[in-house]
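Source: prediction; values computed, not measured.
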Amino acid sequence: WDDPQLVTVKALRRRGFDPETFWDLAKEVGLSKSATNISEEMLETLNRKRIDKKAKRYFMVENPKKILIGDHKLKETNVPLHPEVKEYGHKVIKISNEFYVEDEIKKGKTYRFMHLFNFKDNKFVSEPYDQKLNAQLIHWLPVAKEVVKVEVLMKDGSTKEGLAEPALKDLKVGEVIQFERKFFARLDKKDKERSYFVYTHKWYKGKKKWKMMRLEFISSQEAQRLEKEGRLVATVPGVPSRTEDPVLDFLYQLGSVES
């Protein structure tokens, strides 16, 4: 029942959904004597509000390729673990002239390594962010033996593999993080060879997702479509009250509170 392809509460918990999200969902939708269909987009939007404030950020590179960037003099860089939570502090990333990237590097185009520097045609251009350069922001990792192999179990049952920064070794099983500008994920287990994560959801809230959140109810036709796509969280029928707290009633029906 904790298979990420399912939409059970156990599966959502394994994916890293914050328990408080279910209370937010109950307050957002409310109770009704008629059936209430809840889209997964709504739940993800509410959860994103919760975990974005506390999930640490880490670099991940999929399908890594090595490139050489000469002429820079940097030996290390300090990157915040969270853009807003100063208490988390910084991570120190040691660098050389070799980097892992996942993007195809094109000749004549300017790129920027996140939190590091700008380069063009494999040559260092400048360190600070400069909007005038119109540089494409890309993921990177230093070529080092300390990088961590990662495997992410996605919502559709597929897996993504890649490399992540050495600081990932400090994570504890159960922690939810953001692979920066990719997605949120929960550390499911780890061994000496690699760390295994379960996909939570995207790191951003697209306009379409935000509009879905504002809909308290969706049509039966829309519910059937979402169910076929595996994106319907639950259908909550109106049932006799089990407690004096309507929010708790909702959670009993949803299955997140054990009776």
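Summarising the geometry, atom CZ belonging to R194 is positioned 13.0 Å from atom CG belonging to L168; distances are rounded to the nearest 0.5 Å. The structure places NZ of K120 at 12.0 Å from OG of S126, a figure rounded to the nearest 0.5 Å. Rounded to the nearest 0.5 angstrom, T200 OG1 and K202 NZ are separated by 14.0 Å. Taken to the nearest 0.5 Å, the CZ atom of R15 stands 10.5 Å off from the CG atom of D3. I177 contributes atom CD1, which lies 12.0 Å from atom CZ of R186 (distance to the nearest 0.5 angstrom). Rounded to the nearest 0.5 Å, atoms CG (D24) and OG1 (T45) are 11.5 Å apart.
Taking both residues in full, the closest heavy atoms of R14 and D188 are given as NH2-OD2, 2.9 Å, listed atom of the first, atom of the second, then distance. Across I69 and F113, no two heavy atoms sit closer than the pair CG1-CE1, 4.2 Å. Heavy atoms only, all atoms of each residue included: A55 and Q178 are closest at CB-N, 4.1 Å. Closest of all the heavy-atom pairs between D121 and G108 is OD1-N, 2.6 Å. Contact record, L116 with L74: CD1-CD1, 3.9 Å, taken as the closest heavy-atom pair. Residue A11 comes nearest to L6 through the heavy atom pair CB-O, 3.7 Å, listed as atom of the first residue, atom of the second, then distance.
When atom types are taken as modelled, the side chain of K190 and the backbone of L171 share a donor-acceptor pair closer than 3.5 angstrom. In this structure, the side chain of T159 does not engage the main chain of L153 through any donor-acceptor pair within 3.5 Å.
V61 and F119 fall within the same hydrophobic cluster, defined by Ile, Leu, Val, Met, Phe, Trp and Tyr side-chain heavy atoms under 4.5 Å apart, directly or through other members. Taking hydrophobic clusters as Ile, Leu, Val, Met, Phe, Trp and Tyr residues chained together by side-chain heavy-atom distances below 4.5 Å, V176 does not share a cluster with F197. With hydrophobic clusters built from ILVMFWY side chains whose heavy atoms lie under 4.5 angstrom apart, Y58 does not share a cluster with V79.
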Taking distance alone, no hydrogens or angles, what donor-acceptor pairs closer than 3.5 Å link side-chain atoms of residues 96-106 to residues at least two apart or in another chain?
from	atom 1	to	atom 2	distance (Å)
S96	OG	E98	N	3.3
N97	OD1	H72	NE2	3.2
E102	OE1	E62	N	2.8
E102	OE1	K182	NZ	3.0
E102	OE2	K182	NZ	3.0

Can you give the donor-acceptor pairs under 3.5 Å from side chains of residues 127-151 to other protein atoms, not counting sequence neighbours?
from	atom 1	to	atom 2	distance (Å)
D130	OD1	K132	N	3.0
H139	NE2	E180	O	2.8
W140	NE1	M114	O	2.8

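The side-chain heavy atoms of R57 and H82, taken from C-beta on, include a pair separated by under 4.5 Å. Contact of the F184 side chain with the D52 side chain is registered, since non-hydrogen atoms from C-beta on lie closer than 4.5 Å. Side-chain contact between I51 and H201: present, with at least one pair of heavy atoms (C-beta onward) separated by less than 4.5 Å. The shortest side-chain heavy-atom distance between I67 and N122 falls under the 4.5 Å cut-off. Looking at V85 and K54, their side chains never come closer than 4.5 Å, going by heavy atoms from C-beta outward.
Note on ring orientation: taking the six-membered ring where Trp is involved, the planes of F183 and F179 are perpendicular (angle over 60°, cut-offs 30° and 60°).
A salt bridge is defined here as a Lys NZ or Arg NE, NH1 or NH2 lying under 4.0 Å from an Asp or Glu carboxylate O, and R48 with D18 fails to meet this definition. One finds no salt bridge joining K53 and E20 here, because no Lys/Arg side-chain nitrogen approaches an Asp/Glu carboxylate oxygen to under 4.0 Å. At a threshold of 4.0 Å, the pair R13-D2 does not count as salt-bridged, since none of the basic side-chain nitrogens sits closer than that to a carboxylate oxygen.
A cation-pi arrangement, defined by a distance under 6.0 Å to the six-membered ring centre and an angle within 45 degrees of its axis, is present between K91 and F59. A cation-pi arrangement is present between K189 and Y196, with the terminal nitrogen or guanidinium carbon under 6.0 Å from the aromatic centre and inside a 45° cone about the axis.
Screening K49, R50, K155 against E44 for a salt bridge (charged side-chain N to carboxylate O under 4.0 Å, His left out) leaves a single residue, K155.
Counting non-hydrogen atoms of neighbouring residues, nucleotides and ligands closer than 6.0 angstrom, the NZ atom of K65 exceeds 12 such neighbours.
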Task: Criterion side chain to side chain contact (heavy atoms under 4.5 Å, CB included) on L187 and K172, from CA distance to verdict - done: CA-CA 7 Å; L187 180 58; K172 296 179 181 179; 5.9 Å; no
